[in-house]
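Below: the structure, in structure tokens.
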Amino acid sequence: MLATIGSSNPLSAFPFEIGMSGSVGYRSASTLDTGLNNFRTSLSPSVFSVTRHSDFNSMPSAEGWIRIGDVISDQSLFGLMVGRTYAPDISVRQLRTDGVYFTSKWNFLIPYFGLTYHYRFRPLESRRWSYEVGGTLGFVTEPRWRTDGYFQSQFQLSRQHTSHRAAYGSLLRIEGAALKSLNDYVFLRGGLSHTFMYLGRFTGNVNGSDGYWVNLRNGGLFPLSASQFLQTFAIDRDPILGPTQVSLIRKQTELSLGVTQIFVSVGLRF
């Protein structure tokens, strides 16, 4: 089913493939949406805000991969994949009740790699077409999350810049594809995949100071610097207890992303 390498090559028993893929697709709703919808730029309980952001459902990807066949059967291929996906600039705007207007651009860049397995089969009497199903188990390698924005009021203009990387992340993918051989060495591959990513513990800086992203009690996102930490313990008026000190922080931010994509590949057999 797969072309073999010449007998002079020490890998002659293992058919070998390399290729590159490009993907476009749709990102399903996740904790990132909740965090953005409830995003805050003030820790004061008396300041309310309305937030609007641009659509960021599209997350294109680019990948390179290498595979070896005939390891456990003629139809099985094991391999290694490396790639990256990103979110085009997300426009975030917020108007607060204290007269402050905030506008910013957010972007994400997510590099990853993983081990792949695919099972390939060919319809009877078909010489050019074959099909495969498989998946990837991998890791996300220091994804980048950056924002750049400004606060504007009647009295001042100030900047908010953040740059963070996640300490860890994982990736799980399932996919199906159809392959068409152009000749003995070149083939095209296209199909549909769904990828789930988990990213945790973003750390970095907020306006030049050490900081990290947190989720507040309403699920909203907030970039917290060391100088702001004491402000998170604010006085809130409880209807039963009266004035009470509460923490606005619920936990350090962790993101989960699910992306369904259509992909096209060009591959070479050896």
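Everything numeric here is computed off the predicted structure, so don't read it as measured data. Heads up: numbering here begins at 1 and tracks the sequence.
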Review point. Taking atom types as modelled, is there a side-chain donor on S91 or R93 under 3.5 Å from an acceptor on the other?
Key: yes
Check your understanding: Do T147 and T162 get their side chains close enough for a donor-acceptor pair, meaning under 3.5 Å?
Key -> yes
Exercise for review: Check whether any side-chain N or O of S30 sits under 3.5 Å from a backbone N or O of S256 as a donor-acceptor pair, and report yes or no.
Suggested key: yes
Point to revise | Presence of salt bridge, R120 and E17, under 4.0 angstrom | key: yes
Practice item. Would you give the length of the straight line joining atom OG1 of T51 to atom CZ of F102, rounded to the nearest 0.5 angstrom? Key: 9.5 Å
Practice item. Could you grab the distance from atom CZ of F121 to atom CD of E132, nearest 0.5 Å is fine? Key: 9.0 Å
Check your understanding: Does the distance from a Lys or Arg side-chain N to an Asp or Glu carboxylate O, for R27 and D33, drop under 4.0 Å?
Key -> yes
Check your understanding: Can you name the nearest heavy-atom pair linking H194 to T260, along with the distance?
Key -> ND1-OG1, 2.8 Å
Revision key, fill the gap. When every non-hydrogen atom of H164 is compared with those of G204, the smallest separation belongs to CD2-N, 3.2 Å
**Study point:** Distance-minimising heavy-atom pair for G219 and N38
**Key:** C-CB, 4.4 Å
Check your understanding: T136: what forms a side-chain hydrogen bond (donor to acceptor under 3.5 Å, both in side chains) with it, not counting sequence neighbours?
Key -> none
Exercise for review: Using only heavy-atom distances, determine whether the side chains of R173 and T195 contain a donor-acceptor pair under 3.5 Å.
Suggested key: yes
**Study point:** Cluster link V140 to F196, ILVMFWY, side chain under 4.5 Å
**Key:** no
Practice item. Mark yes when over 12 heavy atoms from residues, nucleotides or ligands other than R144 sit less than 6.0 Å from its CZ; otherwise mark no. Key: yes
Review point. Can you check whether M197 reaches P143 side chain to side chain, under 4.5 Å on heavy atoms?
Key: no
Check your understanding: Do Y117 and L115 come close enough that some side-chain heavy atom pair is under 4.5 Å?
Key -> no
Review point. Taking the side chain as C-beta and beyond, is there a heavy-atom pair between Q156 and F151 under 4.5 Å?
Key: no
Practice item. State, yes or no, whether a side-chain contact exists between Q160 and N207 at a heavy-atom distance under 4.5 Å. Key: yes
Review point. When rounded to the nearest 0.5 angstrom, what distance separates OG1 in T85 from CG in L109?
Key: 8.5 Å
Practice item. Side-chain contact test, heavy atoms from C-beta onward, threshold under 4.5 Å: evaluate it for W65 versus S265 and give yes or no. Key: yes
Exercise for review: Quick one: do H118 and E175 satisfy side-chain contact (heavy atoms from CB on, under 4.5 Å)? Show the steps, please.
Suggested key: CA-CA 9 Å; H118 291 84; E175 64 183 31; 2.6 Å; yes
Exercise for review: Identify the heavy atoms of L221 and L32 that sit nearest to each other, and give their distance.
Suggested key: CD1-CD1, 4.1 Å
Check your understanding: If you draw a 6.0 Å radius around CZ in F139, do more than 12 non-hydrogen atoms from other residues or ligands fall strictly inside?
Key -> no
Check your understanding: Angle class for the Y131/W129 ring planes (parallel below 30°, perpendicular above 60°, tilted otherwise)?
Key -> parallel
Practice item. Report the C-alpha separation of L179 and L188 in whole Å, then their side-chain angles, then the decisive distance to 0.1 Å, and conclude whether the side-chain contact (heavy atoms from CB on, under 4.5 Å) test is met. Key: CA-CA 6 Å; L179 295 87; L188 298 178; over 6 Å; no
**Study point:** Residues, nucleotides or ligands: over 12 heavy atoms within 6.0 Å of R52 CZ
**Key:** no
**Study point:** Point-to-point distance, once rounded to the nearest 0.5 Å, from OG of S58 to OH of Y26
**Key:** 11.0 Å
Review point. Quick check: does any side chain N or O of N107 sit under 3.5 Å from a backbone N or O of P88, one acting as donor and the other as acceptor?
Key: no
**Study point:** S61-Q261 side chain donor-acceptor pair, cut-off 3.5 Å
**Key:** yes
Review point. Between atom CE of M81 and atom CZ of F113, what is the distance when rounded to the nearest 0.5 Å?
Key: 10.0 Å
**Study point:** Residue I262 excluded, over 12 heavy atoms near CD1 under 6.0 Å
**Key:** no
Check your understanding: Hey, does the side chain of R189 reach the backbone of S21 with a donor-acceptor pair shorter than 3.5 angstrom?
Key -> no
Exercise for review: Please check if the side chain of Q94 supplies one atom and the backbone of S49 the other of a donor-acceptor pair under 3.5 Å.
Suggested key: no
Practice item. With the side chain counted from C-beta on, respond yes when D184 and R269 share a heavy-atom pair under 4.5 Å apart, and no when they do not. Key: no
**Study point:** Sub-6.0 Å ring centroid separation between F202 and W213
**Key:** no
Practice item. Would you name the heavy atoms of R40 and V47 that are closest together and state the gap between them? Key: NH2-O, 2.9 Å
**Study point:** Side-chain heavy atoms of L268 within contact of V186, under 4.5 Å
**Key:** yes
Point to revise | Check: S28 side chain, G258 main-chain N or O, donor-acceptor pair, under 3.5 Å | key: yes
Review point. Does one hydrophobic cluster hold both V92 and W145, with members joined at side-chain heavy-atom distances below 4.5 Å?
Key: yes
Practice item. Determine whether S225 and P223 make a side-chain contact, defined as any pair of heavy atoms from C-beta on separated by less than 4.5 Å. Key: no
Review point. Do S42 and R96 have side-chain N/O donor and acceptor atoms under 3.5 Å apart?
Key: no
Point to revise | Cluster overlap I66 with Y119, hydrophobic side-chain contacts below 4.5 Å | key: yes
**Study point:** ILVMFWY network linking V206 to W106, side-chain heavy atoms under 4.5 angstrom
**Key:** no
**Study point:** Common cluster, I72/L80, ILVMFWY with side-chain heavy-atom separation under 4.5 Å
**Key:** yes
**Study point:** Considering all heavy atoms, the nearest L199-A166 contact
**Key:** CB-CB, 4.4 Å
Review point. To the nearest 0.5 Å, what is the distance between CG (L257) and CZ (F108)?
Key: 7.5 Å
